[in-house]
Every structure is written in structure tokens, then in C-alpha cells.
Amino acid sequence: MFNKYGAYGAIHALLAVALGAFGAHGLKDRLTEEMLNVFETGVRYHMYHAIGLFLLALAAERVGQERGIRWAARLMHVGIFLFSGSLYALSLSGTKALGAITPLGGLAFIVAWGMAAYSIWKAKSNQ
């Protein structure tokens with residue numbers, strides 16, 4: 001699991017940095033301040049959860065490749081696409097309906113962090 005989700009975390013971090021630079025330099029004069037803030041929120045949560053994926057990969061190495069850790073990583077990965085992806089699409093297209101997808105990504109993040117906490121706590125108490 002470390003190789004797969006560690007690589008996903010690193011790839012997502014790379015994308016977050018690239019998209020952040022694109023937003024700061026390429027979109028500054030093309031988007032309204034409101035839509036630029038939406039884009040930047042997507043980038044910020046993209047990076048937070050890229051780091052989260054990497055940490056989950058490290059946790060799996062330390063506490064074992066528990067099923068809950070694996071599901072937490074999957075949900076975090078999906079959450080990045082749903083949350084950040086919908087914010088990127090919303091800011092670039094102006095299609096407000098895309099904002100309805102964002103909470104699904106947020107829910108995936110919340111469940112992922114909860115599963116990670118439970119799985120790590122459970123693994124620690126079993127040692």
C-alpha cells in the first residue's frame with residue numbers, strides 16, 4: 001500500500017503545486033476575485049489531502065496494511081477529485097451547479113479522516 005498511496009500522495013502534491021502556480025499566474029487576470037478564491041480553496045484542500053495520502057501510506061507501513069487505512073486512503077483520493085476537482089471546474093466554467101458535487105468530496109474527506117483515526121487507534125491498542 002505504501003508504494004501505491006505514497007505515489008498518489010506525491011502526484012497529487014505535484015498537481016496541487018502546478019495548479020496553484022497556474023491559478024496565481026495564469027488565472028489572476030481571467031477570473032473574478034471570488035472565482036480565484038474558489039480555485040485557491042481547491043488547491044489548498046488538494047495539497048492538504050495529498051499530504052494526508054502520503055501520511056496514510058506511512059501509517060500503513062507502521063501499523064500494518066489494515067483495511068480501514070486502505071479505505072481511508074481510497075476515500076481521500078476520491079475526495080480530492082470530487083472536492084478540489086469540482087471547485088476547479090466551477091471556477092473555470094462558472095457553472096454554479098458544479099458546487100453541488102463539492103460537499104460529496106468534503107464528506108469523503110471527513111469519513112476518510114475518521115476511518116484513519118479509528119484504524120490507527122485500533123491498531124495501536126492491539127499492540
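Predicted model only: the values in this text are computed from it and were never measured.
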Side-chain donor-acceptor contacts of residues 93-109 below 3.5 Å, not counting sequence neighbours, with atom names and distances?
{"residue": "Ser93", "atom": "OG", "partner": "Ala89", "partner atom": "O", "Å": "2.7"}
{"residue": "Ser93", "atom": "OG", "partner": "Thr95", "partner atom": "N", "Å": "3.1"}
{"residue": "Ser93", "atom": "OG", "partner": "Thr95", "partner atom": "OG1", "Å": "3.1"}
{"residue": "Thr102", "atom": "OG1", "partner": "Ser86", "partner atom": "OG", "Å": "2.6"}

Name each donor-acceptor pair under 3.5 Å that joins a side chain in residues 77-85 to protein atoms two or more places apart or in another chain, with its distance.
{"residue": "His77", "atom": "ND1", "partner": "His12", "partner atom": "NE2", "Å": "3.1"}
{"residue": "Ser84", "atom": "OG", "partner": "Gly42", "partner atom": "O", "Å": "2.7"}
{"residue": "Ser84", "atom": "OG", "partner": "His46", "partner atom": "N", "Å": "3.3"}

What's the spacing between Leu87 CG and Tyr45 OH if we round to 0.5 Å? 10.0 Å
Roughly how far apart are Met76 CE and Ile51 CD1, rounded to 0.5 Å?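 The CD1 atom of Ile51 is 11.0 Å from CE of Met76, to the nearest 0.5 Å.
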Let me check something: do Met115 and Leu55 share a hydrophobic cluster, defined by ILVMFWY side-chain heavy atoms less than 4.5 Å apart, either directly or through other members?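 No, Met115 does not connect to Leu55 through the hydrophobic network.
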With a 4.5 Å cut-off on side-chain heavy-atom distances among I, L, V, M, F, W and Y, is there a chain of contacts connecting Tyr8 to Tyr48? yes
Residue pair Ala57 / Gly6: nearest heavy atoms and the distance that separates them: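 For Ala57 versus Gly6, the nearest heavy atoms are CB-N, 3.5 Å.
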Tell me the closest heavy-atom pair linking Ala59 and Ile120, and the distance in Å.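 Result for this residue pair: CB-CD1, 4.0 Å.
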Below 4.5 Å, heavy atoms only, C-beta onward: do Leu56 and Tyr5 meet side chain to side chain? no
In the hydrophobic clustering that connects Ile, Leu, Val, Met, Phe, Trp and Tyr at side-chain heavy-atom distances below 4.5 Å, which members other than Tyr118 occupy its cluster, ordered by chain and number?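 Members other than Tyr118 - counting any ILVMFWY side chain reachable under 4.5 Å - there are none.
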Please table the atom pairs, donor to acceptor, closer than 3.5 Å between any side-chain atom in residues 15-40 and protein atoms at least two apart or in another chain.
{"residue": "Thr32", "atom": "OG1", "partner": "Met35", "partner atom": "N", "Å": "3.1"}
{"residue": "Asn37", "atom": "ND2", "partner": "Glu33", "partner atom": "O", "Å": "3.3"}

For the backbone of Ala116 and the side chain of Ser119, can you confirm whether one donor and one acceptor N or O come within less than 3.5 Å of each other? no
Would you mind listing every side-chain hydrogen bond (donor to acceptor under 3.5 Å, both in side chains) that reaches into residues 104-115, with sequence neighbours excluded?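 Passing the test, one end in residues 104-115: His49-Trp113.
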